[in-house]
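Just below is one structure, and these are the notes that go with it.
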Amino acid sequence: MEENAYKSKSMHEDLPKKTLWESVSDFFKKDLVQYIVKRILMFIPTLLLISVLVFFVIQLPPGDYVSAHIAALATEGEIVDADYAAQLRADYGLDLPIHEQYIKWIKDIIWTPTDSSYYRLYGSHHNWKYSFAYGRDVWDVVDDRLGLTILVTAIIMIFQYAVSLPIAIYASTHQYSVGDYISSVIGFLGAAIPNFILAIVLMYLSYKWTGNANVGLFSQEMLQNGVQLYNFGEFLKRMIIPIVVIGTSGTCGIIRSVRAQMLDEVGRQYTLTARAKGVPERTIIMKYCFRAAINPTVSGLGGVLSSLFSGSTVTAMVLNMQIQGPVLLKALQAQDMYLAGAIVMVQAVLVVVGILLSDIALAFLDPRIRYSGGGR
Amino acid sequence: MKKRLIALLLAGTMTLSLAACGGSGDSGSTPSDSSESTQQSSAQESTQESSTQEESAPPAEASAFSESPSLTDLVSAGSLPALEERIPVESDVFVDTTDALGNTLEIGTYGGVINLGGAGGGWGLSRPVLEGIIRFNSDGTYYPNVIKSYEHNDDYTVWTFKLREGMKWSDGEDFNADDITFWYYMCHLNNYDTKKSWAALKETVDGEDAWAKLDKVDDYTVTWTFVNPKFPADFIENGDFKWCWAPEHYLSDLIPDTEEFAYVENPYYAKTGLDDETVLKNAQAKGIDAATVKDLGKQVAYYFWNEDGLPTLNSYVLSTKEGNNSKDAQLCIMERNPYFWKVDAQGQQLPYCEEIHFNTTSEDGQDQLMFRSGELDILGSVPMEDISSLLTDLGDSAYLRTLASTNWGSYLLTFNYTCKDANYATLFADSRFRQAMSICVDRNQVSGLLTEGFLEPGQCAPQEGNFGYDEEWVNKWTEYDVDGAKKLLDECGLVMGSDGFYDFADGTDFVLTIYTYTDLGMGDTVYPVLEQYFNAAGIKCATKDYDVSAFDQEIDNNDWYAVLGPHTAIGGVSLKSRVQPFVPIAQSAEWYGEYGTYYDTNGAQGVKPEGDMAKLVEIYEKWKATPDSAERDKYTLEIYDLHKANLWTIAYLKAGGDYNIVSSKIHNFPDLLVSDDLYQYQNIVHYWTLFKTE
């Protein structure tokens with residue numbers, strides 16, 4: 001008994017109470033800065049490798065933008081002769097060997113010199129080139145939909161976590177209860193039903209009940225005057241279907257993984273000890289179990305930045321949402337390689353950065369995780 | 001529906017070639033008591049001798065013109081000149097009283113928005129709004145449109161265009177002969193618009209390409225002078241020659257004078273002296289983004305309707321409002337042109353509606369949902385299988401309008417006659433093989449399975465009501481007979497193998513690989529149905545479904561065997577629209593494959609055609625050399641006879657139309673028009689005369 005009491009006391013003394021600020025600054029004092037610098041340096045070869053893959057994979061399908069463009073013209077009744085096609089290829093540099101095209105592309109993205117025509121026209125040192133399909137600067141096309149994509153995806157993600165985490169905690173603390181079963185069934189349904197089918201069904205129901213299928217995020221009026229305070233309600237109404245469709249598909253995964261982790265944690269000895277020592281159940285769950293259980297979810301956040309940028313492609317197509325995903329699809333279909341390349345490259349950068357951020361968050365969340373091996 | 005189609009084809013009887021090169025049969029479908037009819041008269045006269053009677057007809061019925069109240073408000077506010085200052089002089093105003101079928105138009109009321117589906121493609125925005133040099137009626141006759149009149153001298157070497165005095169660009173600047181000389185010398189001849197290859201202004205002199213000489217006679221008259229006779233079919237009727245103007249006041253600082261766009265000596269304009277970078281900078285200042293000057297030229301001098309702020313002569317112009325000013329925007333808006341030069345029979349300035357909205361959707365069927373929700377007014381290209389359910393559900397709130405096609409059939413199967421594999425090339429060249437492929441399919445069943453009986457069985461031939469219609473041709477090889485097909489395949493030298501499928505006589509497998517492209521959707525709908533019939537006749541087949549550009553690549557590389565739903569189909573409205581669908585002279589259509597390449601490259605590449613394929617070109621050369629319309633018809637029919645004899649492409653069903661479901665709020669949308677590239681497809685609806693009532 002005495003020994004136990006001593007241990008308990010010593011344990012308590014070993015864990016002095018820290019403010020959040022102290023925890024954070026202590027955290028960054030460690031070898032983290034060195035780690036971050038190392039990781040950032042690793043970005044360079046990683047991204048270069050990705051850029052090579054991206055550029056070559058995009059060009060894998062037979063033909064190029066010019067052949068896709070000519071095919072599209074033929075569909076409109078316009079016949080283009082071979083000379084013109086050759087001329088176009090020369091103009092766009094598509095007649096160069098692929099490695100030369102790549103070097104030119106990546107060089108201009110990294111640094112376009114001040115004495116270049118591009119810099120004089122656009123005032124930028126980063127020439128992402130020109131989107132053939134949209135007839136505009138690549139970055140303009142991306143920028144057009146960036147705000148909306150981030151807004152929509154952020155709202156959907158907040159919905160996902162706001163819904164799934166409480167459900168997961170409830171399900172794990174009330175294992176095999178009616179509520180657990182109901183949430184599991186709904187979660188599985190959400191995951192099992194393909195998004196595009198759910199979207200179509202919901203649009204149908206919306207049309208049946210309200211006379212309006214709510215195709216797209218904006219009414220015509222919003223498309224002319226923008227989303228303002230007076231029509232924000234209408235905008236939110238139009239967000240319901242995308243949120244339900246995209247949100248529910250992701251919630252199941254989060255519910256299941258957090259629930260399983262939580263169930264693991266609630267049976268652990270430290271939980272039992274805390275419970276035996278009379279720590280309130282709420283504190284046990286939220287402060288100890290949940291913190292440990294959320295590990296896999298946090299490590300999965302690496303992809304969040306990238307998803308914020310691109311949004312959901314298939315659902316966006318079905319629901320006619322003008323976000324980034326469909327632009328990438330169109331770019332790939334039209335073999336608009338600079339646009340597709342830019343989008344995929346930005347996604348790659350965001351994934352790499354996102355993984356770093358999630359690693360840092362994870363380490364902060366769980367002090368057992370360290371950045372370098374050995375001795376600790 | 002079938003009855004409607006037949007009615008169309010009878011009513012609309014389009015005897016294009018009977019249009020006598022200058023439209024001698026064009027009475028009755030354009031205004032009869034207006035200045036416009038004068039232009040029509042001159043169109044008729046132009047086929048005989050030079051005509052100069054354009055001032056003789058009375059002006060519009062109304063002595064005073066009127067305008068939309070929204071424009072009156074702008075006039076009152078001082079931001080827009082009075083109507084009389086915005087439109088041509090009274091005698092030169094175009095009075096639009098009839099639709100393209102010759103029916104009298106209902107007098108409309110102002111206001112409202114016409115909601116359409118997405119514009120898509122480079123031409124999408126132009127279809128409802130583009131105003132051309134001439135305008136075709138549904139029967140192939142035509143009359144002057146933007147120009148007031150045209151005439152030619154006795155030997156067809158000098159053509160004179162007269163313009164409408166007082167006509168303005170959509171920004172209020174004068175439209176006159178300078179805009180034509182500017183277009184020709186500064187945009188066209190230096191290939192700034194990338195279309196110097198247009199045949200209408202080109203001829204051959206001493207074995208070399210030469211171009212017409214354009215002269216300004218006065219502010220409202222120009223002449224085109226050729227060395228050789230330039231017949232109407234190669235000039236005014238040529239499908240490419242839709243416009244010959246560009247807004248000098250807007251484009252003059254956007255034209256470089258570089259090696260690539262070398263200045264063409266002319267008495268009207270000096271060198272601009274601008275380099276590429278300056279031009280791109282000037283374009284940027286006007287909100288025009290272009291990667292190269294060549295792109296810029298094509299954008300502003302060719303696809304000009306797609307650039308906001310660029311003045312046009314069209315009924316509606318692209319809005320300059322950020323977010324709605326691009327064809328790619330989810331909502332693209334075209335606003336009425338306050339300077340539009342057409343009025344209705346009561347003198348009301350057209351168009352009636354304030355705006356056209358193009359609502360881009362990302363998936364098929366979304367437009368139908370939007371139409372049902374009342375967000376669209378016209379639903380174009382409705383799939384046949386959806387028509388009856390839509391009409392039943394929508395009841396009185398919508399009606400069907402069919403734009404008949406000039407296609408020669410549906411579900412077309414074409415073989416590669418210049419196939420690299422000699423076994424296949426020989427087999428495809430044997431007409432018995434094509435006959436077998438045609439009669440082994442039960443067309444009635446296909447019609448029921450794939451079109452709910454909407455399209456009738458038929459062969460690849462001019463459809464009823466079109467020039468060259470021949471009942472025997474339409475029904476040739478359409479009788480379902482599997483045993484007969486097998487007999488023919490035996491006669492072709494194929495040998496039935498132990499697996500129940502035919503092989504070549506040398507023992508190699510015969511597999512008919514049928515190529516399709518995804519956009520057409522035949523790979524997963526039509527092919528599986530046809531495959532069963534082919535298999536039943538002992539023909540083993542496979543399919544390859546490609547994205548359209550990859551598909552074209554295969555065709556260009558001559559790496560293909562057969563194609564279902566060719567990208568560049570055989571047949572069409574007339575040789576004067578496009579020659580390639582009838583004669584193998586270009587590198588474009590599947591039905592003549594490498595034979596076309598041979599002519600296109602003057603024999604340098606491709607395969608030299610022989611037999612009937614070669615005869616097509618021989619007859620075409622004679623067709624080209626005569627201005628006489630009756631003689632041209634004779635040659636056209638000779639070409640048709642060769643098509644009938646050979647059936648280079650097989651059709652399984654008759655041609656379908658472009659089916660539109662129109663909200664009953666929309667008026668003046670005629671039924672049974674003919675849709676064709678020559679008529680600019682939907683342009684024949686005359687959107688500026690549509691009006692909307694609640």
Side-chain angles (χ1 to χ4, degrees), chain A residues 61-65 67-84 87-88 91-92 117 120-122 129-137 140-141 200 203-204 207 211-216 218-220 223-224 226 316-322 326 329 333-335, chain B residues 113 115 121-124 194 197 239 276-277 280-281 284 289-292 294-295 299 306 321 323-324 326 328-331 333 357 359-363 365-367 369-370 372-375 517 519 546-554 556 567-568 578 580 586-588 597 600-601 677 681:
Chain A
D64 54 19
Y65 169 72
S67 54
H69 178 59
I70 288 171
L73 288 180
T75 312
E76 290 191 279
E78 219 178 301
I79 307 293
V80 175
D81 58 48
D83 286 349
Y84 178 69
Q87 190 59 50
L88 265 187
D91 288 348
Y92 294 143
S117 164
R120 285 195 295 270
L121 277 170
Y122 296 95
K129 301 271 181 199
Y130 189 76
S131 159
F132 306 128
Y134 286 87
R136 295 165 66 196
D137 192 69
D140 277 354
V141 178
I200 291 168
M203 282 201 294
Y204 170 75
Y207 172 69
N212 192 325
N214 284 317
V215 175
F218 304 112
S219 62
Q220 274 212 6
L223 287 169
Q224 287 181 75
M317 296 291 290
V318 176
L319 293 173
N320 197 25
M321 301 192 322
Q322 305 293 309
L329 184 71
Q333 283 171 336
Q335 306 213 25
Chain B
V113 168
N115 285 291
W123 286 90
T194 70
S197 55
D276 285 359
E277 202 172 304
L280 288 174
K281 197 126 200 158
Q284 210 177 36
D289 195 7
T292 62
K294 191 173 276 182
D295 281 347
Q299 279 168 237
N306 289 331
K321 196 170 164 216
N324 304 123
S326 154
D328 298 314
Q330 189 173 0
L331 174 64
I333 297 178
H357 287 189
N359 298 273
T360 299
T361 51
S362 50
E363 277 289 280
Q366 284 170 347
D367 54 351
L369 281 172
M370 291 179 76
R372 285 169 181 267
S373 305
E375 292 169 276
Y517 61 97
D519 291 356
Y546 287 95
D547 169 71
V548 69
S549 62
F551 173 89
D552 276 2
Q553 183 108 345
E554 296 288 313
D556 287 348
H567 196 187
T568 312
R578 288 197 193 286
Q580 294 94 326
Q587 192 174 0
S588 64
T597 311
D600 194 36
T601 59
D677 186 52
Y681 301 101

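These numbers come from a predicted model, not from an experiment. Worth knowing before you read on, the calculation uses all heavy atoms, side chains too, and leaves out hydrogens, waters and symmetry mates.
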Cut-off 4.5 Å, heavy atoms of chain B, and the answer for Tyr207(A) is side chain
Would you mind reporting whether Gln335(A) and His69(A) have side-chain heavy atoms less than 4.5 Å apart?
no
Would you say the rings of Tyr517(B) and Phe551(B) are close, in the sense that their centroids are separated by under 6.0 Å?
yes
Can you tell me if Asn115(B) and Gln220(A) form a side-chain donor-acceptor pair at under 3.5 Å?
yes
Tell me, out of Leu121(A), Asn212(A), Leu88(A), Asp64(A), who's got the most heavy-atom pairs with chain B below 4.5 Å.
Leu121(A)
Side chains of Met317(A) and Pro326(A): does their closest heavy-atom pair fall under 4.5 Å?
yes
Taking the side chain as every heavy atom from C-beta outward, state whether Tyr546(B) and Gln553(B) have any atom pair closer than 4.5 Å.
no
With a 4.5 Å cut-off on heavy-atom pairs, point out which of Met203(A), Gln224(A), Met321(A) contacts chain B the most.
Gln224(A)
Identify which part of Glu375(B) has an atom lying under 4.5 Å from any heavy atom of chain A, answering side chain, backbone, both or neither.
both
Segment of Lys281(B) engaging chain A (4.5 angstrom heavy-atom cut-off):
both
Do the non-hydrogen side-chain atoms of Glu363(B) and Asn320(A) ever get within less than 4.5 Å of each other?
no
Does a side-chain heavy-atom distance below 4.5 Å link Leu319(A) with Val215(A)?
no
Honestly, the part of Ala316(A) sitting under 4.5 Å from a heavy atom of chain B is backbone
Pairs of heavy atoms under 4.5 Å with chain A: top-ranked of Asp328(B), Thr292(B), Asp295(B), Asp289(B)
Asp289(B)
How long is the straight-line distance from CD1 of Ile333(B) back to CG of Leu223(A), given to the nearest 0.5 Å?
8.5 Å
Between Ser326(B) and chain A, with a heavy-atom cut-off of 4.5 Å, which part of the residue counts as in contact: side chain, backbone, both or neither?
neither
Answer with side chain, backbone, both or neither: which region of Asn359(B) has an atom nearer than 4.5 Å to a non-hydrogen atom of chain A?
side chain
Quick one: what part of Phe132(A) sits under 4.5 Å from any heavy atom of chain B, side chain, backbone, both or neither?
neither
Quick one: of Lys294(B), Gln299(B), Met370(B), who has the most non-hydrogen atom pairs under 4.5 Å with chain A?
Lys294(B)
